[in-house]
Amino acid sequence: MQVSHEDQQLKDHLVKYEVNTKTVFQHPVGLFVLFFTEMWERFSYYGMRALLTLFLVTELLDGGWAWSREDAMQLYGWYTGLVYLTPLIGGMIADRIMGYRKAVIWGAFIMTLGHAAMALEGVGSNFFYLGLGLMILGNGLFKPNISSIVGQLYPDNSKKKDSAYTIFYMGINAGAFLGMLLCGYIGERIGWHYGFGLAGVFMFFGMLQFYFAQRIFGVLGESPKETQLREGATASTKQGASEIAEEEKSSHVVRDRIIVIVVLSLSSIFFWMAFEQAGGSMSIFARDYTQRILEGNAATTFKWVDAILTLFPLVIVSWVLISLARKIFREYPVSIFFTALSFLIIWGLGIWKINREFSALETEVAASWFQILNSFFIITLASLFSRIWERVFNPSGPIKFALGLILLGIGFAALAYGSRNIPQGAATAQVSMIWLVLAYFFHTSGELCVSPVGLSYMSKLSPKKFVGLIFGFWFLCSAIANWLAGMSGSLIDRISETYSMSAFFLIFAVLPGIAGLILIAFSPLLKRMMHGIH
């Protein structure tokens with residue numbers, strides 16, 4: 001009875017905002033349009049991110065820029081920090097001027113231009129920096145606003161909202177997985193500019209897919225001007241007055257919920273500061289301190305594992321695409337066409353990569369390969385976590401965040417233990433790959449407790465008029481964390497020379513663990529301050 005009531009509540013909400021009421025896997029079809037749009041954007045971002053640090057530290061003879069580790073990770077920190085800073089501005093622009101849908105389209109277009117510029121890095125270094133700048137600006141418009149549309153598809157107290165963000169997060173990580181796998185492989189093995197350029201091709205496909213299906217969202221995501229024209233100035237004024245009156249009536253509720261938003265956002269800094277070592281110090285660890293040359297049975301086993309890892313996510317997201325196409329192809333054929341075309345290209349590249357690896361005489365694991373483990377674990381574990389939150393154990397947001405921080409700390413503790421025998425100040429070593437695999441497993445489990453849950457709570461707790469701004473604040477905290485990740489990661493050589501590599505990773509085990517315990521202590525108070533939002 002509760003399930004049918006939940007479904008009816010969702011349907012009434014969709015009808016109210018003129019959104020297409022067809023469903024896939026018991027969720028609105030609009031969620032899966034956003035799923036694929038975000039998937040290709042994350043393909044482009046993580047595909048480029050997988051290459052950035054490695055490209056900068058690679059020798060000139062191999063096509064890189066031969067930067068020091070410290071300089072490379074500081075640029076990485078500035079870039080990833082700014083990528084998450086501009087959404088604060090992009091959220092305000094969407095709230096007040098453009099609307100969420102136009103912001104997503106323009107952001108995707110600007111990022112496509114950014115990738116095109118980075119593909120020309122061989123022509124001149126200025127193109128590389130221009131590309132980074134365009135990526136930063138485009139992401140500011142894209143990132144907070146597509147997340148806002150996901151939240152608007154559901155009523156505030158819908159039990160489906162957390163699981164919807166988990167599904168959406170699966171799309172994020174499917175794109176990240178494929179981007180790091182293919183762009184990383186092509187960049188390292190074929191040419192850096194090919195890897196940078198490939199990322200932009202699929203950003204373009206994601207933009208077209210969304211553009212031709214945007215009517216599916218009804219009036220959600222329209223600009224304030226469009227809302228005024230549609231409803232009429234008088235109706236709009238009345239609606240605004242009633243919203244203001246409602247907020248004034250419960251101003252203490254709004255204040256308390258905003259305090260919870262701030263606490264969760266600030267605690268996320270401790271998470272992402274450690275987690276984002278993946279693109280910096282953990283990439284350096286994979287490149288210089290991990291045994292990546294395989295022989296005999298180990299080489300054969302890796303080739304088969306790599307092939308399965310390549311094909312498994314493709315099968316899953318292709319199944320999602322087929323399910324979506326069955327529901328909306330007649331209404332939105334062009335959107336489905338571009339998504340299907342992009343999948344045909346991806347399948348072709350995946351099969352080409354597998355064939356090339358099986359034909360190679362030497363088996364060397366690409367340093368960027370390890371980053372795909374995070375996304376692979378997300379894809380395989382996302383539905384499990386979604387079911388746990390819906391049916392088995394659904395604690396409050398602060399408790400989920402605390403669990404995420406503690407699991408992240410356990411991952412770094414495993415990495416610290418695995419690197420215990422690296423000599424102090426050593427430039428290279430041959431540590432087993434198992435420690436990176438374990439670290440990524442625990443990091444991913446923690447991420448599933450923090451990121452999709454955080455997106456969901458930003459949507460549920462924020463005042464309706466400032467959803468984009470609140471998401472911007474969430475990403476502002478991510479910007480601070482990413483900058484801190486780059487700056488702290490740049491200390492890897494200093495700390496390993498003064499103490500040890502194990503001590504360096506132990507720092508990132510302790511800090512999130514302490515933050516998680518503090519959240520557990522304050523969770524009863526924070527739960528009361530959410531005033532019924534769960």
Side-chain angles (χ1 to χ4, degrees), residues 49-50 52-59 64-81 267-292 367-368 370-371 373-374 405-443 446 478-517:
R49 194 196 76 162
L52 183 58
T53 302
L54 296 174
F55 165 71
L56 292 171
V57 300
T58 296
E59 292 76 12
W65 283 7
W67 283 22
S68 69
R69 294 174 181 175
E70 184 172 355
D71 288 342
M73 280 186 280
Q74 284 182 2
L75 177 63
Y76 171 83
W78 279 108
Y79 168 69
T80 55
S267 67
S268 75
I269 293 176
F270 291 92
F271 184 89
W272 296 118
M273 180 188 70
F275 183 90
E276 285 299 329
Q277 297 301 316
S281 62
M282 288 176 71
S283 286
I284 297 297
F285 185 81
R287 179 178 181 264
D288 296 331
Y289 298 94
T290 303
Q291 170 59 33
R292 296 186 290 112
S368 59
F370 294 95
Q371 293 186 52
L373 293 172
N374 169 241
L405 286 159
I406 292 169
L407 287 168
L408 178 71
I410 292 172
F412 275 106
L415 208 51
Y417 181 81
S419 59
R420 69 193 184 283
N421 293 326
I422 297 177
Q424 185 175 341
T428 60
Q430 297 289 300
V431 175
S432 170
M433 295 192 301
I434 189 63
W435 301 110
L436 272 174
V437 175
L438 277 174
Y440 276 112
F441 173 78
F442 283 108
H443 291 184
S478 295
I480 296 170
N482 274 268
W483 183 82
L484 289 172
M487 297 305 109
S488 58
S490 71
L491 300 175
I492 184 171
D493 287 338
R494 296 188 197 179
I495 294 175
S496 62
E497 287 171 5
T498 306
Y499 301 99
S500 67
M501 183 67 69
S502 185
F504 173 79
F505 287 121
L506 199 59
I507 292 170
F508 299 105
V510 172
L511 288 177
I514 292 174
L517 293 175

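Residues satisfying the ring pair (Phe, Tyr, Trp, His ring centres under 6.0 Å) criterion with F370, sequence neighbours excluded, are absent altogether. With sequence neighbours left out, F504 forms a ring pair (Phe, Tyr, Trp, His ring centres under 6.0 Å) with F508.
Annotation: the span from M501 atom CE to L506 atom CG amounts to 13.5 Å, rounded to 0.5 Å. Taking OG of S502 as the start and CD of Q424 as the end, the distance is 12.0 Å to the nearest 0.5 Å. We find the CE-CD distance between M487 and Q74 to be 5.0 Å, quoted to the nearest 0.5 Å. To the nearest 0.5 Å, atom CZ of residue F275 and atom OH of residue Y440 are 8.0 Å apart.
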Would L75 and W67 count as a side-chain contact (heavy atoms from CB on, under 4.5 Å) if you check the C-alpha gap in whole Å, the side-chain angles of each, and the deciding distance to 0.1 Å? CA-CA 10 Å; L75 177 63; W67 283 22; 3.7 Å; yes
Begin with the C-alpha distance, continue with both residues' side-chain angles, and end with the deciding distance and a verdict on side-chain contact (heavy atoms from CB on, under 4.5 Å) for T290 and L436. CA-CA 9 Å; T290 303; L436 272 174; 3.6 Å; yes
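The aromatic rings of Y289 and F285 lie parallel to each other, with less than 30° between the two planes, well short of the 60° mark. H443 and F412 have tilted rings, their planes meeting at an angle from 30° to 60° on a 0 to 90° scale.
S68 contributes a side-chain N or O that, together with a main-chain N or O of D71, makes up a donor-acceptor pair within less than 3.5 Å.
Between the side chains of S488 and Q277, at least one donor-acceptor pair of N or O atoms lies under 3.5 Å.
At a threshold of 4.5 Å between non-hydrogen side-chain atoms, the residues L52 and T80 do not count as touching. Contact of the R287 side chain with the T53 side chain is not registered, since no non-hydrogen atoms from C-beta on lie closer than 4.5 Å.
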